Amino acid sequence: MKRLLIVFAVVIVFVIGAALLSSHKAEWSGVDDSVVKKFAEQAGRPPSEPYINIAQGDMELFFFLLAGIVGGFTAGYYYRELFPPNQKLVGHSTNV
Amino acid sequence: MSYLPLTVVALLAVTILGITAEPVYAMHISEGILPMGWAVLWFLASLPFVVLGLRNLRIRSEKEPHFKAMVGLVGAGVFVISCMPIPVPIAGTCSHPCGTGLAAILIGPSISVVVSSVALLLQALFLAHGGLTTLGANIFSMGVAGSFAGYGIFVLCRRMGLSFIVAAFLAGVLSDWATYATTSFILTGALHADASFWKMFVTILLAFVPTQVPLGILEGFLSAGAYTFVHSRRPEYLGIFAKGGVA
């Protein structure tokens with residue numbers, strides 16, 4: 001419980017810190033824009049449209065959320081296969 | 001308490017998604033940036049590592065019953081981590097860790113290349129993250145350079161007698177930095193034209209520094225934490241370096 005509270009505290013500090021900074025001049029662009037794209041454009045080779053363009057309305061959010069769900073579910077499935085909660089199962093079976 | 005690591009990951013993911021309203025990308029080289037000749041070259045450079053990884057995956061899957069599940073877990077982790085933008089307050093920008101250093105010390109560097117290739121292909125196809133023509137270059141920087149740098153540092157540290165926590169931390173840090181150094185190298189090679197190669201390389205590399213130095217350190221903590229977790233629960237999943245042995 002103590003460790004969980006520490007984690008919550010760290011996350012809250014992180015959120016507040018990031019929010020305060022974002023109200024100033026930070027743009028939070030990815031380094032692909034601030035570095036990769038910048039140098040590519042200077043060299044006359046700007047990025048082209050992706051073959052499957054998801055940047056239309058909320059499609060981008062949908063695909064990223066879907067990717068997070070699928071990735072998280074897959075990780076969780078294999079996590080339980082590799083690290084099964086044996087102790088709890090043993091405890092339940094002996095009680096029964 | 002066993003769910004604490006998952007809780008931490010979930011909280012951070014929600015936090016980050018909440019802060020970054022728009023998807024952002026990082027080391028991925030976008031579609032169309034590399035001329036076709038360079039794109040083909042990096043595909044050819046990555047291909048032997050992918051083939052070696054597939055061969056090792058088949059061999060180890062036959063020998064170790066848990067191995068496919070471990071590859072599945074690590075693969076999902078690399079996929080999520082490498083498309084998760086993390087705000088770096090001191091730079092005011094976002095970037096993502098790669099996860100390949102951790103993957104390399106958990107499942108081996110060549111199989112980590114395979115896992116990265118699958119993650120990068122899915123990201124290029126469905127998330128407009130990277131590109132199909134630049135897939136070879138992205139596999140080389142994140143998969144090959146990140147995995148082998150991380151694994152090499154881990155092995156070196158263990159042979160020097162350092163603890164596995166320190167070794168895993170340094171593997172995470174240096175695999176991240178190696179990935180971005182390689183991206184700088186790839187970009188410079190393709191884009192420098194008549195300008196000085198080394199001058200442009202250093203310029204691009206320095207442009208990554210404010211974001212990637214703190215993010216690399218974060219990736220080091222992530223690697224050390226995850227490796228410690230596996231080591232404490234199921235050390236038999238790890239190689240002999242976890243026990244301080246030498247190959």
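Small disclaimer: the values here were computed from a predicted structure and weren't measured.
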If you count heavy-atom pairs within less than 4.5 Å of chain B, which of A:Gly68, A:Pro47, A:Ala43, A:Ala67 leads?
A:Pro47

If the contact rule is any heavy atom under 4.5 Å from chain A, which residues of residues 187-203 of chain B qualify, in numerical order?
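Only B:Leu187, B:Leu191, B:Met200, B:Thr203 of residues 187-203 of chain B have a heavy atom under 4.5 Å from chain A.
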
Just give me the residue among B:Val74, B:Thr211, B:Leu34 that pairs up with chain A most often, heavy atom to heavy atom, under 4.5 Å.
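Of the candidates given, the most pairs with chain A belong to B:Leu34.
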
Does the side chain of A:Ile54 reach to within under 4.5 Å of the side chain of B:Phe126, using non-hydrogen atoms?
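A side-chain contact is absent here, since even the closest heavy-atom pair is not under 4.5 Å.
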
Contact between A:Lys37 and B:Ser30 at the side-chain level, heavy atoms closer than 4.5 Å - yes or no?
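The answer is no, as the side chains (C-beta and beyond) never meet within the 4.5 Å cut-off.
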
Where does B:Pro210 contact chain A at under 4.5 Å (heavy atoms): side chain, backbone, both or neither?
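The answer is neither part of B:Pro210.
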
B:Leu122 versus chain A, heavy atoms under 4.5 Å apart: side chain, backbone, both or neither?
neither

What closest approach, in Å, do [X] and [Y] show between heavy atoms, and which atom pair accounts for it?
| X | Y | result |
| --- | --- | --- |
| B:Phe208 | A:Val36 | CZ-CG2, 4.0 Å |
| A:Pro50 | B:Ala128 | CG-CB, 3.8 Å |
| A:Arg45 | B:Gly32 | NH2-O, 3.2 Å |
| B:Glu31 | A:Glu49 | CG-O, 4.0 Å |
| A:Val31 | B:Ser95 | CG2-OG, 3.7 Å |
| A:Tyr51 | B:Leu132 | CD1-CD1, 3.8 Å |

Give a yes or no answer on whether the side chain of A:Tyr78 reaches the backbone of B:Ala76 with a donor-acceptor pair at less than 3.5 Å.
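It does not hold such a pair.
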
Using a cut-off of 6.0 Å, state whether more than 12 heavy atoms not belonging to B:Phe67 lie near its atom CZ.
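Correct, the count exceeds 12.
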
Determine, step by step, whether B:Val230 and A:Phe83 satisfy the side-chain contact (heavy atoms from CB on, under 4.5 Å) criterion, reporting the C-alpha distance in whole Å, the side-chain angles of both residues, the deciding distance to 0.1 Å, and the verdict.
CA-CA 9 Å; B:Val230 178; A:Phe83 307 100; 4.1 Å; yes

Classify the ring geometry of A:Phe64 against B:His129: parallel below 30°, tilted from 30° to 60°, perpendicular beyond 60°.
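The arrangement is perpendicular - the two ring planes meet at more than 60°.
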
Distance in Å, B:Cys83 SG paired with A:Phe63 CZ, rounded so as to fall on 0.5 Å steps:
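With rounding to 0.5 Å, SG (B:Cys83) is 13.0 Å from CZ (A:Phe63).
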
Can you tell me which portion of A:Gln42 sits under 4.5 Å from chain B's heavy atoms? Options are side chain, backbone, both or neither.
neither

